[in-house]
Number of protein chains: 2
Amino acid sequence: MEKIYTIKDIAELAKVSKGTVDRVLHKRGKVSQVALDKVNAVLDRIDYQPNLIARNLKNSKIYRICVLLPNPKNDPYWQPCTEGITAAKNEFKSFNIAVEIFFFNHNSTSSFLEMNEVLLKTSPDAVLLVPLFYKEALGVIENYNSLGIISSTFNNQLQSSAIKSFVGQDLFQSGRVAARLLDLLLQKGLVVIIHIDEKYKNAVHMQEKEKGFRNYFSELGGGKFEILTCKLKHPQFNIKLTDFLNMHSNLAGIFVTTSKAYQVAEITSKIKDKKIALVGYDLIENNIDYLNKNAIDFLIHQNPKRQAYLGITSLIEYFIFDKEIPSEQLLPIDIVTTENAKNYMI
Amino acid sequence: MEKIYTIKDIAELAKVSKGTVDRVLHKRGKVSQVALDKVNAVLDRIDYQPNLIARNLKNSKIYRICVLLPNPKNDPYWQPCTEGITAAKNEFKSFNIAVEIFFFNHNSTSSFLEMNEVLLKTSPDAVLLVPLFYKEALGVIENYNSLGIISSTFNNQLQSSAIKSFVGQDLFQSGRVAARLLDLLLQKGLVVIIHIDEKYKNAVHMQEKEKGFRNYFSELGGGKFEILTCKLKHPQFNIKLTDFLNMHSNLAGIFVTTSKAYQVAEITSKIKDKKIALVGYDLIENNIDYLNKNAIDFLIHQNPKRQAYLGITSLIEYFIFDKEIPSEQLLPIDIVTTENAKNYMI
DNA sequence: TATTTTAGTGTGTACGAGCACAATTTATCA
DNA sequence: TGATAAATTGTGCTCGTACACACTAAAATA
């Protein structure tokens, strides 16, 4: 353990005042060449690490961070996000940070824009948002940028130079993981990618997953598997899926690109004469139920709690510790089966 | 965002001096009933959160934490641990914490005891250790206890009231995960548990994994699978395993309870006429190689980096923030296959 | 009553960084 | 040379907590 040097130490070693050392360190004000050399000589010799604690103590500005999030009441997938935010809030409660969450309806672009207006009235220093709607999110983020508000995203990746940070998963790779799992479970046959509910064109995440999934099988070659894509929407979901199942007797596996695998499991679990392999996303209650009933084989965990937690802590540490915000944080693609599900649900 | 109260605020509200507030908060010195009531009245009304940062600024004691770890040079499994320690060290470099790592040979109890003596000479406040050797570790920990040194463990769980904290995985459940994976991969046949190298009697971790593994299959019932246990040791490892394979033509799957699955894969990958499913532990280079060659189907990630990181940060936060040390932190049992391996190796 | 003891309370300072401002030195001009 | 401006450097305060120390007033003792 090396000695921890303070500005006072440096000042004494360089035989100048701590004010001068401060000016050299922060390139603030005028310093003579002689003094500059003396201080730099000391700085070269030792490893000075400013005490972030002491620095922050003086800082009286309260940083405002707003979170713009789909309402968990409409889709339980988002529930863990608020928990992640709360955890981060607690961890940094000694610091001058104010975090506020704003919920929008994940089906309504207007609700998204509306809540954004409400949020803007609190004049935040940064916004952490889920850019669910491509076009609208881009506009909102451009606006933040022009207002000097930092914007970070999570869960959905959006290409924009105005975005400081993204936390999420590599969805292409996630599709490959799903493909790998079905490849391990199955010998041959028809494999179907099912997209449920959301508009395919607007949902880049589903497209990326499909690309990765197909990429795995095309690399695999061998012609053992046939891949089909199927887009299903409520309210005719049940009928259409049942029809599809009846029409394809060689169906061996299904990959559901959203958290709605339980809707598929509800139907496939009733088929008695054969077992259809099923891989889906997210540890929501309905999915876990069917996982435990063996109607779903694997779930891929997107870890929304950790995504939100990392998104918010990067911002907090940027404000209070001057830490660099990582432009991209990719989380591991967790594979979940009956036996290890509990560990991920804490 | 509620107002953040300081001791000065409380003093003004209660119309006493900050010294008196301090005495009430820390139950230090004598305070009259009148003053006590006044301060408590204010404390009841507001939510006072002491500023941990300012508190720490004053504290000049340097806390010494020693880490007692198997040498990664002898077994690469331990390499990530040092990285986890270093990460924690960096994160808390502004605080008065000195962390020092001591390596012992994972095959030698005497090296363990020897390094422990060296470590003790630095008179640490806490020790984080891997209690690889049951009997010796217990003795060492008892000794720490009598010296007033806090002891935390990770990777291997040891029952002792002298241990403040354990970070690791539920190994029984980890065995069940392995069983589940083989169940999903296979229809029926012989499944073998292979213990490699270590003395079975001393290695509680292998026993726990086996118990969980067998527990899953006995709960499953149905009589589709037959389970056998096999203990193999160098140098006759290759011959014995080859013999075993020849003798059991119905062998369908193998579960290796240590990080040595690659040694099994080396042999099973040469069998051309059939594929034997293989599940093992740990993302070491040799294992990853065989995973990518499809000779290993799944690896279970024990996340030694995070184990060490959590173990050390709990201690640090106890010392500098007075946080409670969680007596047990169980990490998720990560399932790794070719496609998601990279994510876990950062 | 004078002096000492003790309970209770308030004041002041350190910690390290940052920054305003005062103090000093050096340069410029009349 | 003296006065003034400019450049450079040093001092001192703040942040919130913890703790040493000084102080007051009442109680106990001589």
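Because only heavy atoms are used, hydrogens play no part in the values below, and waters and symmetry mates are left out as well, while side chains stay in. In what follows, chains are A, B, ... by sequence order, proteins preceding strands, each numbered from 1.
Extent of DNA chain D lying under 4.0 Å from chain A heavy atoms, first and last nucleotide in 5' to 3' order, is D/dT8 to D/dG16. Mapping heavy-atom proximity under 4.0 Å, the span of DNA chain C touched by chain A runs 5' to 3' from C/dG16 to C/dC19.
Remark on DNA chain C: of its neighbouring residues A/L57 and B/V34, the 5'-side contact belongs to B/V34, judged by nearest-heavy-atom nucleotide. Nearest-nucleotide positions on DNA chain C place B/V16 closer to the 5' end than the other of B/V16 and A/A54.
Counting all heavy atoms, side chain and backbone alike, A/Y344 lies closest to B/P332 at CE2-CB, 3.4 Å. Between B/S160 and B/L138 the shortest heavy-atom distance is CB-CD2, 3.7 Å.
With sequence neighbours left out, A/P70 forms a side-chain contact (heavy atoms from CB on, under 4.5 Å) with A/W78, A/F104, A/H106, A/V130, A/L132. Qualifying ring pair (Phe, Tyr, Trp, His ring centres under 6.0 Å) partners for A/F102, counting only residues two or more places apart in sequence or in other chains: none. Every residue meeting the side-chain contact (heavy atoms from CB on, under 4.5 Å) condition with B/L36, not counting sequence neighbours, appears here in chain and number order: B/V24, B/V31, B/Q33, B/N40. Contacts of A/F103 classified as ring pair (Phe, Tyr, Trp, His ring centres under 6.0 Å), with partners at least two apart in sequence or in another chain: none. B/K18 pairs by the side-chain contact (heavy atoms from CB on, under 4.5 Å) definition with B/I7, B/A11, not counting sequence neighbours.
At a threshold of 4.0 angstrom between heavy atoms, the contacts of B/Y5 with the nucleic acid are absent.
A heavy-atom distance below 4.0 Å to DNA chain C is reached by these residues of residues 18-28 of chain B, ordered by number: B/K18, B/G19, B/T20, B/R23. Non-hydrogen atoms lying under 4.0 Å from DNA chain D are contributed by nothing in residues 316-323 of chain B.
Within 6.0 Å of NZ in B/K27 there are 12 or fewer heavy atoms belonging to other residues, nucleotides or ligands.
A rotation axis mapping the C1' atoms of four pairs onto the next four is fitted at both ends of the helix from C/dT1-D/dA30 to C/dA30-D/dT1 over five pairs, and the angle between these axes is 80° to 10 degrees.
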Could you tabulate the donor-acceptor pairs under 3.5 Å formed by side-chain atoms of residues 324-331 of chain B, not counting sequence neighbours?
from: B/E328; atom 1: OE2; to: B/Q157; atom 2: NE2; distance (Å): 2.7
from: B/Q329; atom 1: OE1; to: B/S314; atom 2: OG; distance (Å): 3.2

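The backbone N or O of B/Q302 lies less than 3.5 Å from a partner atom in the side chain of B/Q307, making a donor-acceptor pair.
Residue pairs meeting the salt bridge (Lys or Arg N to Asp or Glu O under 4.0 Å) criterion with at least one member in residues 94-103 of chain A, sequence neighbours excluded, are A/R64-A/E100.
Looking at A/N155 and A/Y77, their side chains do bring a donor and an acceptor atom within 3.5 Å of each other. Looking at A/Y144 and A/N116, their side chains do bring a donor and an acceptor atom within 3.5 Å of each other.
Between atom CD1 of residue A/I141 and atom OG of residue A/S146 there is a gap of 12.0 Å, rounded to the nearest 0.5 Å.
Applying ring-ring contact (aromatic ring centres under 6.0 Å, His included) to A/Y63 and the options A/F319, A/Y318, A/F95 leaves one that passes, A/F319.
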